There are 2 protein chains.
Amino acid sequence: MEALTGEMENKILDAATRVFVRKGKTGTSMQDIADEAGINRPLLNYYFRSKERLFDQVFYKVFIRFLPDVAKVFNSNLPISEKLSKFIDTYTEMLNQSPLTPIFILNEVATNPGSLVEAIRKMGIDPVILFKQIEDEMQKGILKKDDPRQIMVNMLAMVIFPYAARPMLEHIMFGGNSAEVDLFMEKRNVHLKEFFIRSIKA
Amino acid sequence: MEALTGEMENKILDAATRVFVRKGKTGTSMQDIADEAGINRPLLNYYFRSKERLFDQVFYKVFIRFLPDVAKVFNSNLPISEKLSKFIDTYTEMLNQSPLTPIFILNEVATNPGSLVEAIRKMGIDPVILFKQIEDEMQKGILKKDDPRQIMVNMLAMVIFPYAARPMLEHIMFGGNSAEVDLFMEKRNVHLKEFFIRSIKA
DNA sequence: GTCTATACGCAGATAGAC
DNA sequence: GTCTATCTGCGTATAGAC
């Protein structure tokens, strides 16, 4: 029944991703995934042996999806202020396409730290180069002297947090008005760039 | 066997809180909680009828714990810069005592938005007063003109995110060195105050 | 109030027919 | 490769003895 190789694998993987990301690992049953994929439960085991293995592949896929575009920005020759701006745009675009991803990843890593170790081992992220550049610009007087890691965490925080906390913010700060949050998020890109540059420039 | 009224309830509630916060709602079994409390499984049902009801009480308790101290800061007559500084200290102290709380709350609200609605209805948070004060100081030229909600989200993001993302950051940015992260977090308070004030002052 | 015993369903996983 | 049937264990919850 399968024309292309791995067609069914991808079909399952996509379905599993949607459910896992929405309901979490322990909150998802194999039946949920089978229903989402429109197939039979044993087929999941046939193709992925176990829920554990299926989840691992989903996690890895979701996790890695967030990196290539960002790496491209970080490895470019642009000054920090430009990288920052591009990072905000790139990351925001990804998050708009998969807004549930941050909370999914943060939660899985928190409740099962082992899941991450394997994933990052396979790709070798190295933020050191970026730290060096930041320190360089601090030396040159372009940026205010500070701990580059604090800058990095701030950047991630301000971009990612609103997505992870959206349901909270929507109810507490926006009275449940979802459309208003959308507007807020649209304007946020411009705000962030200004806000951030003001803090780090010398 | 119970001397004080509600002694057993509290014992269970505390145990349940520890397990729920660590493993999440769906990742926690009643047996886990009974073991943690050192009691028998049916006793949980006797005191709380169902896992659902037990969880609801835990969630509400955890959620509300984060508010009174913060509310005190927000309702004071201090200028924004002072409130900000106190907020960072207060929130950080709470988070240091229960560092897993952010990811617990964010995840539960994301996977089951209904849980939040009930909790906030009972306490009536109102950030509008704070927004007005921020706008006031903007009018007076103390703060740079901006959207107060963006400021608010930035503040929450920079304080809360490092706790929610700690396992991630620890592995990716600190090479798994936990002690170094502790040091980083200690220094972060001072950094945050400077960083933030630079961004918002006129 | 606290226990043992138990009911019942659904979870993940596999056997085996087609 | 895909299905039905089935195994086994664990999940929540309750009945009933003490």
Side-chain angles (χ1 to χ4, degrees), chain A residues 1-62 104 107-108 111-112 114-115 118, chain B residues 1-62 104 107-108 111-112 114-115 118:
Chain A
M1 191 64 84
E2 289 298 319
L4 290 74
T5 308
E7 192 182 338
M8 181 61 99
E9 276 91 335
N10 285 329
K11 187 179 169 186
I12 292 174
L13 220 44
D14 288 346
T17 301
R18 286 193 295 275
V19 185
F20 273 136
V21 168
R22 179 157 27 93
K23 317 207 328 180
K25 180 181 178 179
T26 53
T28 296
S29 73
M30 293 293 263
Q31 185 63 59
D32 291 337
I33 298 169
D35 291 346
E36 175 79 19
I39 59 166
N40 221 291
R41 214 173 30 218
L43 269 188
L44 300 178
N45 292 94
Y46 175 77
Y47 281 101
F48 293 90
R49 261 196 82 73
S50 71
K51 180 185 180 183
E52 192 65 28
R53 284 167 182 268
L54 176 53
F55 177 81
D56 286 347
Q57 294 206 29
V58 167
F59 183 83
Y60 179 69
K61 204 190 77 181
V62 170
F104 169 72
N107 185 56
E108 292 308 332
T111 53
N112 174 21
S115 55
E118 183 121 347
Chain B
M1 192 64 81
E2 288 299 317
L4 290 73
T5 309
E7 191 183 338
M8 182 60 100
E9 277 91 337
N10 285 329
K11 187 178 169 188
I12 292 174
L13 220 43
D14 288 346
T17 302
R18 286 193 294 276
V19 185
F20 273 136
V21 168
R22 179 157 25 93
K23 316 208 326 179
K25 181 181 178 179
T26 52
T28 297
S29 73
M30 294 292 263
Q31 185 63 60
D32 291 337
I33 298 169
D35 290 347
E36 175 80 19
I39 59 166
N40 223 291
R41 215 173 29 216
L43 270 188
L44 300 177
N45 293 94
Y46 174 77
Y47 281 101
F48 292 91
R49 261 198 83 75
S50 70
K51 180 186 180 182
E52 192 65 28
R53 283 167 183 267
L54 176 54
F55 177 81
D56 286 347
Q57 294 207 28
V58 166
F59 182 83
Y60 178 69
K61 206 190 77 182
V62 170
F104 169 72
N107 185 55
E108 292 309 332
T111 53
N112 175 20
S115 55
E118 183 121 346

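Every heavy atom of this structure was used, including side-chain atoms; hydrogens, water molecules and symmetry mates were not. Chain A is the first sequence line, chain B the second, and so forth, proteins listed ahead of strands; every chain is numbered from 1. It should be emphasised that the depicted structure is a prediction, and the values quoted were computed from it without experimental measurement.
- Atom C1' of nucleotide C:dG12 and atom NZ of A:K25 are separated by 13 Å, given to the nearest angstrom.
- Atoms CE (B:M8) and P (C:dC3) sit 7 Å apart, rounded to a whole Å.
- Distance, A:L43 CG to D:dC3 P: 5 Å, rounded to whole Å.
- Side-chain polar atoms of B:N112 and B:E108 form no donor-acceptor pair below 3.5 angstrom.
- Within the structure, salt bridge (charged side-chain N to carboxylate O under 4.0 Å, His left out) pairs that include any residue of residues 39-54 of chain B comprise B:K25-B:E52 (at least two apart or interchain).
- Nearer to the 5' terminus of DNA chain C, by closest-nucleotide assignment, is the contact made by B:I39 (compared with the other of A:D32 and B:I39).
- Taken to the nearest 0.5 Å, the OH atom of A:Y47 stands 13.0 Å off from the CG atom of A:L13.
- For the pair B:F55 CZ and D:dG11 P, the computed distance is 17 Å after rounding to whole Å.
- Rounding to the nearest 0.5 Å gives a distance of 11.0 Å between CG of A:L54 and CD of A:E9.
- Counting to the nearest Å, the P atom of D:dT2 and the CG atom of A:L44 are 12 Å from each other.
- Salt bridge B:E36/B:K23: absent, no basic N to carboxylate O contact under 4.0 Å.
- Using a distance-only test at 3.5 Å, with no hydrogens or angles considered, a donor-acceptor pair links the side chain of B:D32 to the main chain of B:S29.
- Contacts between residues 11-24 of chain A and DNA chain D, defined by a heavy-atom separation under 4.0 Å, are absent.
- As judged by a 4.0 angstrom heavy-atom cut-off over every strand, B:T26 is placed among residues making no nucleic acid contact.
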*Would you mind building the protein contact string for nucleotides 13-18 of chain D? One character per nucleotide, 5' to 3', B for base within reach (heavy atoms under 4.0 Å), S for sugar-phosphate only, - for untouched.*
BB----
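- Atoms CG (B:D35) and C1' (D:dG11) sit 14 Å apart, rounded to a whole Å.
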